[in-house]
Amino acid sequence: MQMYPFKEIEAKWQRRWEKQKLYKTTDPPKKKYYILVMFAYTSGDIHIGHFRNYIIGDVIARHRMMNGYDVLHPFGWDAFGLPAEEAAIKHGVNPEKWALKNIEVSRKTIQKSGVSFDWDREVITCLPDYYKWTQWIFLKLYESCLAYRGKSLVNWCPHCNTVLANEQVKGGRCWRCEQEVFKKELEQWFFKITAYTERLLSDIDKLVDWPEPIKIMQRHWIGRSEGTEMDFTIEGTGEKISVFTTRADTIFGVTFMAIAPENPLLQRLDIEPEYKNEVDEYIKKSAFKDETERISATEKDGVFTGKYAINPLSGEKVQLWVADYVVAAYGTGMVMGVPAHDQRDFEFCRKYKIPIKVVIQPRGMTLSPNKMKEAYVKPGVMVNSDRFNGLQSEKGIEKVTEYVEKNKLGRKKVNYKLRDWLISRQRYWGAPIPMIHCEKCGIVPVQEKDLPVLLPKGNIDFLPRGRSPLADVEEFINTTCPKCKGKAKRDPDTMDTFVCSSWYLFRYTDPKNDKEPFSKKKASRWLPVDKYVGGSEHATGHLLYFRLFTKFLHDIKWLSVDEPTRELFNHGMVLDSKGEVMSKSKGNALSPTDLIDKEGVDVSRIAMYFAAPSEKEILWTGEGITGASRFLNKIYNLAQQAEPENLNLKFKLKDLNEEEKKTYRKLHQSMKKVDEDIETLQYNTAIASMMEFLNQFSLISSDSLIYTYCLKNLIQILSPFAPHLAEELWEGFGFKESIFKSKWPEYDKNAVIEDMVTFIIQVNGKLRGSFEVPVNTDQEKVERMALENEKVKHFTKDKRVLKTIFVPNKLINLVVR
RNA sequence: GCGAAAGUGGCGGAAUUGGGAUACGCGCUGGACUUAGGAUCCAGUCCCGUUUCGGGUUGGGGGUUCGAAUCCCCCCUUUCGCACCA
């Protein structure tokens, strides 16, 4: 194809934009707009999925620029993490060098994409000027008692002799050596996200412009559940054991108790010798099972402890079992077994022949324990429940809870699924945890003036040996205690990379600050983020963590806002032609560089935008390229006929011929459509409407009074999508300043309204004809015209019109019989 | 199992306060032109038939309505998220 000279044009403008500092943020802003795209995790060069993500945000940024906003549109790199360390282990390269090299390559690719990032604000999380402040935030959390050390079960690979992250465990096996992974209890650092549970939950309602599915996922993840805690006692010792239930109405149906194998209570139980072995065996066996194995088990199992618990209401004595279908970390780590009304308990009882007791009877049918095939979990009437008999079960929950509260046998309780955030990693390539372990003073925080705690460089053995590589780096690990000045050791662990990415959006507002993480004043100018563009895979990770950090920094008065962003947009993924996710390991990741070199940036961008609405995934086949290049070529060629001196021509609508009038109207309709579609990120239809305009436009002569006028406006509304071509043509029109400094054109409100409308005629709801009439023609006239229509006559012949439906400017429907 | 989203030509997709189904583009068919190209221009392209006309069609079935891709009910399929949370 005869392509316009895109290579020269694109290179020229990228050079000029850089030289002019066109995308430099105006700070302080007069009218701010903060558009943020999720920064990149450095695992190699970017692929066309990233390309799509960034050009989606770019349209908004450029559109806002032209609408008089001072735009903050920054970019950066999430540069700590496993890929760099893996490369170090495999190829012996230094992780920092590896990461910075990848950033170089990726940055170049993005710069070739013509995205309007202000590169002066770039942040890189693995550099000390950034992670110093990640550590600073850790210290602030520690001061507020929100960072604490606690024991937890972590994934342990016996072959690699190391702890693994959850995402490194595939089907219960180590991702590298395929050994089975089991749980091990280790002391780790946690962030107390549970202190913020209620606020994180209730403030979801403030996130009005977040996609509903993400909000639902977060609510579900937090998992608030209202219920009752019941105090059972252990027979003999009288020790109180509490269980959480949402079905207090079934308390009289308890026929056993089940306790999680990890529950420390088991160690205090003083189990009789005849049960001891079996119980210990079971606990050990459970520890070796991984999470998925436990969940997918087709049969629930457990072991009787030989102990009994006393029901606080009925006084009945029931067996106490250990069972690994009970989740240790939820509620009190044990459950009351009500087989008749809980499916899980039902299955358990059937297997071990534990009795089933019906206490909720459905209306109009009688349950009998022997005949039940599954638990009856729906509401009904309480039976076999002493003083509560006859109560509707929903009401029963209330009444039983009231009763136990009054008699001090239990209490109302709210439980959550959300657990505290384990942030320790036994890895080298992360931000060191700024804590010191002193034999005399215990755990002592590094003093603020001593930050950053630098990651040691040089010859480091990265191979995991069951503890952090840093533990063996003498010059790092050995230090003095800030309190007693005696010998002490640094914490050898580093932080989860999600910590680094929880506050980068604030750093962008003041990226060079070496006195504080960011100035409060600057942050308050820009926050909250006006639009955040990124993938939905972060729904319950990053998108929860950065909300937590925002609230925390708000509480310690570093931020005025308590939610990071008012608007979130989830872009769709780019899949390969087979519909598979692109990844480096699969080898199907397409680089945008090849595409850009071959087709040009603007054509590539248009093809991407046009393929589907931004939130949908794209199967990248490259088929859209042809249409995109024809479209831009056509504009380039038509623009060669433009007469810049005609730009100031004044014309009156009534002087235009019919085709010109139509063209004028189409232009303004398209301007309106593009405006609206940019707001909803429906770029595919925005481009479609420009194509429609172009089809109409090619019908008018280049001598037309409105020829140049139309092109000027088209180029402006095209510019956020195809910035290089638009800029080139703009210059060709004689404009001295960048098109992105020009004012976004306003559409003519009168022009978008048609003066003639097409009425459709239906007979009994079926289309039978149409005609053109001036807008706002009244019903009487339209009806008369409809009845005179030949085709309509054919269908109304010998029939009576019973009813006429009239929709102004749209249709008339004759109901006949 | 629970939760969410979606299902429209050969393909990507458009149309949602209920009002012309298939905009726009790709592909395909025919023609023109030609400096033979990944060119450009013109015409056609949902399906069926007896083809200036008529009938049918938005995963399937039912309903509401003058009128349903759009609203309601049931079913099927696909994708995503959560997954023994008591």
Side-chain angles (χ1 to χ4, degrees), chain A residues 1-3 211-217 219-221 223-225 227-228 243-247 250 258 260 291-292 294-297 300 323-338 341-345 347-348 377 415-419 536-537 539-540 573 579 598-599 606-607 610-613 615-631 633-634 637 682 684-695 698 758-770 791 794 802-816:
Chain A
M1 200 201 292
Q2 289 283 345
M3 279 295 290
E212 212 50 46
I214 301 284
K215 293 199 273 187
I216 291 168
M217 278 189 240
R219 283 197 194 97
H220 185 86
W221 190 260
R224 186 180 200 275
S225 168
T228 314
V243 287
F244 176 74
T245 179
T246 53
R247 292 294 302 274
T250 63
E291 206 96 2
T292 46
R294 266 169 82 160
I295 289 160
S296 60
K300 307 197 184 322
D324 66 8
Y325 79 91
V326 180
V327 177
Y330 185 75
T332 58
M334 63 187 110
V335 299
M336 57 184 220
V338 187
H341 307 296
D342 182 287
Q343 187 56 27
R344 297 154 298 188
D345 298 343
E347 287 163 26
F348 191 76
V377 298
N415 265 329
Y416 303 90
K417 284 199 237 179
L418 186 72
R419 321 255 161 92
S536 59
E537 67 272 20
T540 51
M573 282 194 290
K598 194 161 160 232
E599 314 290 350
I606 295 288
F610 190 61
E615 72 274 11
K616 258 203 83 172
E617 81 226 1
I618 294 178
L619 257 66
W620 188 251
T621 57
E623 275 165 11
I625 291 287
T626 317
S629 64
R630 279 183 196 155
F631 173 60
N633 252 321
K634 216 184 279 182
N637 291 332
Q682 310 269 306
N684 56 333
T685 47
I687 288 165
S689 87
M690 287 189 269
M691 287 173 169
E692 270 184 74
F693 162 72
L694 204 63
N695 290 342
S698 42
T758 311
F759 257 91
I760 59 162
I761 319 166
Q762 296 181 337
V763 179
N764 288 343
K766 283 199 194 293
L767 178 73
R768 296 302 176 194
S770 64
K791 224 153 119 191
H794 177 253
L802 297 178
K803 196 173 167 188
T804 310
I805 313 285
F806 178 78
V807 182
N809 296 323
K810 232 168 207 153
L811 103 168
I812 180 151
N813 184 12
L814 306 168
V815 185
V816 301

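Please read all numbers here as calculations on a predicted model, not as lab measurements. Lettering follows sequence order; numbering is per chain, from 1.
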Across the strands shown, which category fits Asn695(A) at heavy-atom distances under 4.0 angstrom: base, sugar-phosphate, nothing? sugar-phosphate
Answer with base, sugar-phosphate or nothing: what part of the nucleic acid does Phe610(A) contact at a heavy-atom distance below 4.0 Å? base
Do nucleotides 63-72 of chain B as a string where each nucleotide becomes B, S or -: B if the base has a protein heavy atom under 4.0 Å, S if just the sugar-phosphate does, - if no protein is that close. ---B------
Working to the nearest 0.5 angstrom, can you tell me the gap between Met334(A) CE and Phe244(A) CZ? 14.0 Å
Decide yes or no, distance alone: a donor-acceptor N/O pair under 3.5 angstrom between the base of rG12(B) and the side-chain of Glu617(A). no
OP1, OP2 of rA39(B) versus side-chain N and O of Asn633(A): anything below 4.0 Å? no
Which nucleotide in rA86(B), rC41(B), rG19(B) has an atom nearest any side-chain atom of Lys634(A): rC41(B)
When the P atoms of rG62(B) and rU70(B) are considered, how many whole Å apart are they? 14 Å
Using a 4.0 Å heavy-atom cut-off across all strands, classify Glu599(A) as base, sugar-phosphate, or nothing. base
Which sits closer to the 5' end of RNA chain B, Tyr416(A) or Glu692(A), going by the nucleotide each is nearest to? Glu692(A)
Any idea if rG9(B) is syn or anti, going by the 90°-from-0 cut? syn
Would you mind reading off the distance between His220(A) atom NE2 and rA5(B) atom P, rounded to a whole angstrom? 15 Å
Arg630(A) side chain N/O closer than 4.0 Å to the phosphate oxygens (OP1, OP2) of rG27(B)? yes
Applying a 4.0 Å non-hydrogen cut-off, can you work out what Thr621(A) is touching in the nucleic acid: base, sugar-phosphate, or nothing? nothing
Looking at every strand, decide which applies to Lys810(A) at a 4.0 Å heavy-atom threshold: base, sugar-phosphate, or nothing. sugar-phosphate
Please tell me if Ser225(A) has a side-chain N or O lying less than 4.0 Å from either OP1 or OP2 of rA86(B). yes
With RNA chain B as reference, determine whether Ser770(A) or Ile216(A) sits nearer its 5' end, using the nearest nucleotide of each. Ile216(A)
At 4.0 Å (heavy atoms only), tell me whether Arg224(A) reaches a base, stays on the sugar-phosphate, or touches nothing. nothing
Pairing stems for RNA chain B [at least three consecutive pairs; Watson-Crick or G-U; under 3.5 angstrom]: B:1-7 with B:76-82, B:10-12 with B:24-26, B:27-32 with B:40-45, B:46-49 with B:53-56, B:59-63 with B:71-75
Give a yes/no on whether any side-chain N or O of Asn637(A) is located under 4.0 angstrom from OP1 or OP2 of rU40(B). no
Look for any protein N or O under 3.5 Å of an N or O in nucleotides 29-35 of chain B and output each such pair with its distance, or none.
none

